[in-house]
Amino acid sequence: MPQDEHREGIGGMINPTRYGIERVAYLLMRLSGLGLLAYFVAHIYETSNILRGQVGWNEFLELTQTTGGHIFLAIVIAMCVFHTVNGIRVMLGHGGVGVGKPARPDYPYDPASQNYRHKIGIYSSIVLAAVATMYGLAVMFGE
Amino acid sequence: MAQVSSISNEQSPTAKSITLKILRYNPKHDESSQFMEFDVQYEKWTTVLDVILDVKKYFDHSVAVRYSCRQATCGSCGMIINGKPKLACFTKISELNSNVVTVEPMKNFPVIRDLAVKFEKLFDSHQKIKPYLIRDDTELVSDEKEFLQTPKEVEQYIQFANCIKCGLCNSACPTMATDSSFVGPQALAQAYRYVADSRDKGKDSRLKMIDDSHGIWRCHFAGSCSQVCPKGVDPAMGIQLLRGYMLGFSS
Ligand code: HEM
Ligand code: SF4
Ligand code: FES
């Protein structure tokens, strides 16, 4: 990227501190999307262990029985739930659902698209992800 | 280059002072940008543009800044103020609640010098979406003399017609931060302004411009554009409504 364009770059793109919860959701959506993609590829690779027969398969399953494996799976649960619930919100928004109606703007010009419906969507995806993760941890560590 | 200076002559009893940090950079001969510091006085009503002009008047005339109307109408004075894109003439020092006010040139625009940035790309993108009514007849020859609209029809687009092309939205946009070919929220919101206008008959040619991999599909609805827009345009709303229309969710 040419320096003279003065673009903010990746640092600016991922900085979640300036533009409210919507920009935090944008970052989490990207991270969880990439995380799930990485998990998906690793998952295909790992499950191919079944080609090594029962011994290989069992060896691999033991990985998920360790503390590290439990924490890893808990993060996958969190990414999955957040990405799915927030993904539904984003898809609705992209289709123009719940983004408010055009009107004559009045000072102080609060943007109608940054409304409570979408904020509730974002907070609920975070809360649901946290609840699902805690349930997953309870099941995995409670064995 | 850094320096501290202050205005010492006649003082108003209600004046307070802050440190103004201005990012100086001349791409023609500076290797890197550097902050210059000034102690400036302000009153309740003093804007960021006012104190920058004070600096030019009393300390350093060479500070480059673009402005014209001083009333949030011309769209010239956009800059990064304490980290966020704002109009300098529409931002009071008192509302920033800070003893240090930092001003930098807008991000995602090439710097001409100091606080002045190049707008060519923004105007190009704006022109690309054909920002005028497209139809075969004209108001001058039609029987009715004017293309009448109901107040309801006006309401569909009037908010987007408020855009002053200040570029703050493009500076806040996370896609703009990395994609130099992206059309940007300013132009996309203007595309919606004309598509939603009942008098316009040019939707197809206009939508062709933005139905592109660096067009409307690059918007992730992060909403930062709408949070910084000083005129209530709400580009994020216009873009999602336009995308909904293009996807066939609405007419
Ligand atoms: C039902 C489940 C899912 C839903 C509803 C969903 C929805 C979405 C949506 C709406 C986006 C676009 C976000 C934006 O525009 O910023 C997205 C991005 C993405 N998703 Fe998913 N997704 C799901 C499952 C998955 C899975 C299983 C994977 C991985 C294998 C995945 C990987 C990605 C990636 C890599 C991105 C791109 C991230 C970005 O560019 O910001 N998604 N998803
Ligand atoms: S949409 Fe708002 S922020 Fe963007 S250029 Fe127009 S007035 Fe400025
Ligand atoms: S000087 Fe015209 S918008 Fe600020």
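First the proteins, then the strands, lettered A, B, ... as listed; each starts at 1. Just so it is clear, the values below take in all heavy atoms, side chains as well, and ignore hydrogens, waters and symmetry mates.
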What closest approach, in Å, do [X] and [Y] show between heavy atoms, and which atom pair accounts for it?
{"X": "B/M237", "Y": "A/A112", "answer": "CE-CB, 3.6 Å"}
{"X": "A/S113", "Y": "B/S226", "answer": "OG-OG, 3.7 Å"}
{"X": "B/Q159", "Y": "A/K101", "answer": "OE1-O, 4.3 Å"}

Tell me, for [X] versus chain A, whether the close heavy atoms (under 4.5 Å) come from the side chain, the backbone, both or neither.
{"X": "B/A172", "value": "both"}
{"X": "B/P105", "value": "both"}
{"X": "B/Y245", "value": "neither"}
{"X": "B/V117", "value": "neither"}
{"X": "B/V228", "value": "side chain"}

Please report the interatomic distance [atom1]([X]) to [atom2]([Y]), rounded to the nearest 0.5 Å.
{"X": "A/E8", "Y": "B/I80", "atom1": "CD", "atom2": "CD1", "result": "6.5 Å"}
{"X": "A/H6", "Y": "B/S171", "atom1": "NE2", "atom2": "OG", "result": "8.5 Å"}
{"X": "B/K118", "Y": "A/E5", "atom1": "NZ", "atom2": "CD", "result": "10.5 Å"}
{"X": "B/F221", "Y": "A/M29", "atom1": "CZ", "atom2": "CE", "result": "13.0 Å"}
{"X": "B/C173", "Y": "A/M13", "atom1": "SG", "atom2": "CE", "result": "11.0 Å"}

Is any side-chain heavy atom of [X] closer than 4.5 Å to a side-chain heavy atom of [Y]?
{"X": "A/P105", "Y": "B/K231", "result": "no"}
{"X": "A/V97", "Y": "B/Q240", "result": "no"}
{"X": "A/Y109", "Y": "B/C229", "result": "no"}
{"X": "B/L241", "Y": "A/P102", "result": "yes"}

Is chain B contacted by the side chain of A/Y19, its backbone, both, or neither, given a heavy-atom distance below 4.5 Å?
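For A/Y19, backbone and side chain are both near chain B.
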In terms of heavy-atom proximity below 4.5 Å to chain B, should A/A25 be classed as side chain, backbone, both, or neither?
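Answer is neither: A/A25 stays 4.5 Å or more from chain B.
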Measure from the side-chain N and O atoms of B/N108 to the backbone N and O of A/R7, and report whether any donor-acceptor pair falls under 3.5 Å.
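Checking the backbone N and O of A/R7 against the side chain of B/N108, no donor-acceptor pair under 3.5 Å is found.
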For chain A, the option from B/M106, B/Q156, B/K84, B/R243 that forms the most heavy-atom pairs under 4.5 Å:
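It is B/R243.
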Counting heavy-atom pairs closer than 4.5 Å to chain A, which one of B/M176, B/K107, B/M246, B/K121 comes out on top?
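Ranked by heavy-atom pairs under 4.5 Å with chain A, first place is B/K107.
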Atom [atom1] of [X]: over 12 foreign heavy atoms under 6.0 Å:
{"X": "A/R104", "atom1": "CZ", "value": "no"}
{"X": "B/K203", "atom1": "NZ", "value": "yes"}
{"X": "B/H214", "atom1": "NE2", "value": "yes"}
{"X": "A/K119", "atom1": "NZ", "value": "yes"}

Of the listed residues (A/R30, A/R23, A/H118), which shares the most heavy-atom pairs with chain B below a 4.5 Å separation?
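That would be A/R23.
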